[in-house]
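Right, one structure below, let's go through it.
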2 protein chains.
Amino acid sequence: MARTTPQTHGEILVAAARRFGVTGYRGTSLQDIANEVGCSKAAVLYHFANKEAILTELMAPAIEVLRSLDERIAAQPDPTSAQRVAAEGFVALAVRFRGEIALLRGEFPELLQQPGFAHIQQISERLLDALAARSERASARIAAFVLLAGIAETCGEFADVSDDELGEALLTLLRRALEPAG
Amino acid sequence: MARTTPQTHGEILVAAARRFGVTGYRGTSLQDIANEVGCSKAAVLYHFANKEAILTELMAPAIEVLRSLDERIAAQPDPTSAQRVAAEGFVALAVRFRGEIALLRGEFPELLQQPGFAHIQQISERLLDALAARSERASARIAAFVLLAGIAETCGEFADVSDDELGEALLTLLRRALEPAG
DNA sequence: TCAGAGCCTGACCGATCGGTCAGATCAGTG
DNA sequence: CACTGATCTGACCGATCGGTCAGGCTCTGA
């Protein structure tokens, strides 16, 4: 079973992504991943410090883009432009990383409380604030929350829809559904 | 520790609801529930056949309302009225049972695949179809999915908002965001 | 030829899970 | 009194979890 080329690290990532997407992070054991790769569980833990490290590395690119979106939003001079940037940026991110987001399968709440993902929570709150056009009105914040959570939950489904079409549909929805500033 | 009155059944339900709401269904062990009640784990399993039975009994009222909503939608003569009934009914259900829905904490996908909840999956699909005004267009179905999943995820948050205000906000959002029939 | 680095394995660990079981306790009944 | 059925307990079960560890294999460079 010894592998001739040391590409196992990448194989583990691919296998983990596939399994997480099917049975969720919690519902996937290290043994499941090892079986999918065709190696031992110990081999998985040779390449990654622990289970969370797999998820972290898997999500790293998406998180980096989210972080930069957060900065771009913060740099906007007024609520209206911040809302626009947030909407367009979030849709682009959701579509581009829909595979990665899908494999979290509604485990956001718990995963966000893990030590490595604490700052994501804060970014999400700022994103919500921007989508609500910085409004304090409950209706605006509720709408923003529904759309934020809904899009995150949605983009993993509809795998048969192209990136362009999905992005267009989500953006149209956001523009129609978000309450304008003021 | 023997209890004088046999009200433990109800106490277990209350304790389970509280724990599920905090740590989720999977994240809550029978021992956690027993600790909260102040009885043994075996006592919990004396009153309920297994862990899933607790969740089933907890969700029974909400599921019954969902089932009757499903029938009312099916009885509508055209897509437009079906969409209206689905939107109003779902919002009313989500607000009324927001506590129960909240304790599922994004575990819908996995829980729906448990044997006792198989039919909920089908009802959800018909609800989606109605919200999309029976349209086959991807944009309509995507919007419906975002709103359905988003509302389910949302109604547990905003505990400080009254039922009326929450329902009003969600309904307004749905009316603005859903694509009309045709 | 051999030391060492990188890669990987099987065996094992403690913890926790859902669930079972034999038996103790107690209230009610005849 | 004896008996019964409902309630509950502590001890236990097999399975599974994430993670550790000592050692073996293969390749490389001195």
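The chains referred to below are lettered A, B, ... by the order of the sequence lines, with proteins before strands, and numbering in each begins at 1.
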Tyr46(A) vs dC8(C): side-chain N/O to OP1/OP2 distance below 4.0 Å: no
Pick out the pairs of N or O atoms, protein on one side and nucleotides 13-16 of chain C on the other, that lie under 3.5 Å.
none

Pairs satisfying side-chain hydrogen bond (donor to acceptor under 3.5 Å, both in side chains), at least one member in residues 65-80 of chain B, at least two apart: Glu64(B)-Arg67(B), Arg67(B)-Glu71(B), Asp70(B)-Arg126(B), Gln76(B)-Ser81(B), Asp78(B)-Ser81(B)
Pairwise ring pair (Phe, Tyr, Trp, His ring centres under 6.0 Å) hits with a residue in residues 23-43 of chain A, at least two apart: Phe20(A)-Tyr25(A)
Residue pairs involving residues 173-182 of chain B (criterion side-chain hydrogen bond (donor to acceptor under 3.5 Å, both in side chains); sequence neighbours excluded): Arg137(B)-Glu179(B), Ser139(B)-Glu179(B)
Within residues 128-150 of chain B or reaching into it, pairs that qualify as ring pair (Phe, Tyr, Trp, His ring centres under 6.0 Å) - sequence neighbours excluded: Phe158(A)-Phe145(B)
dC7(C) OP1/OP2 closer than 4.0 Å to side-chain N/O of Thr8(A): no
Overall bend - the helix from dT1(C)-dA30(D) to dG30(C)-dC1(D), comparing terminal axes fitted on five pairs, nearest 10 degrees: 30°
Residues forming a side chain to side chain contact (heavy atoms under 4.5 Å, CB included) with Phe48(A), sequence neighbours excluded: His9(A), Ile12(A), Leu13(A), Ala53(A), Ile54(A), Glu57(A)
Sugar-phosphate, base or nothing in reach of Leu30(B), heavy atoms under 4.0 Å: sugar-phosphate
Pairwise side-chain hydrogen bond (donor to acceptor under 3.5 Å, both in side chains) hits with a residue in residues 88-104 of chain A, at least two apart: Arg98(A)-Asp163(A)
Partners meeting ring-ring contact (aromatic ring centres under 6.0 Å, His included) with Phe97(A) (sequence neighbours left out): none
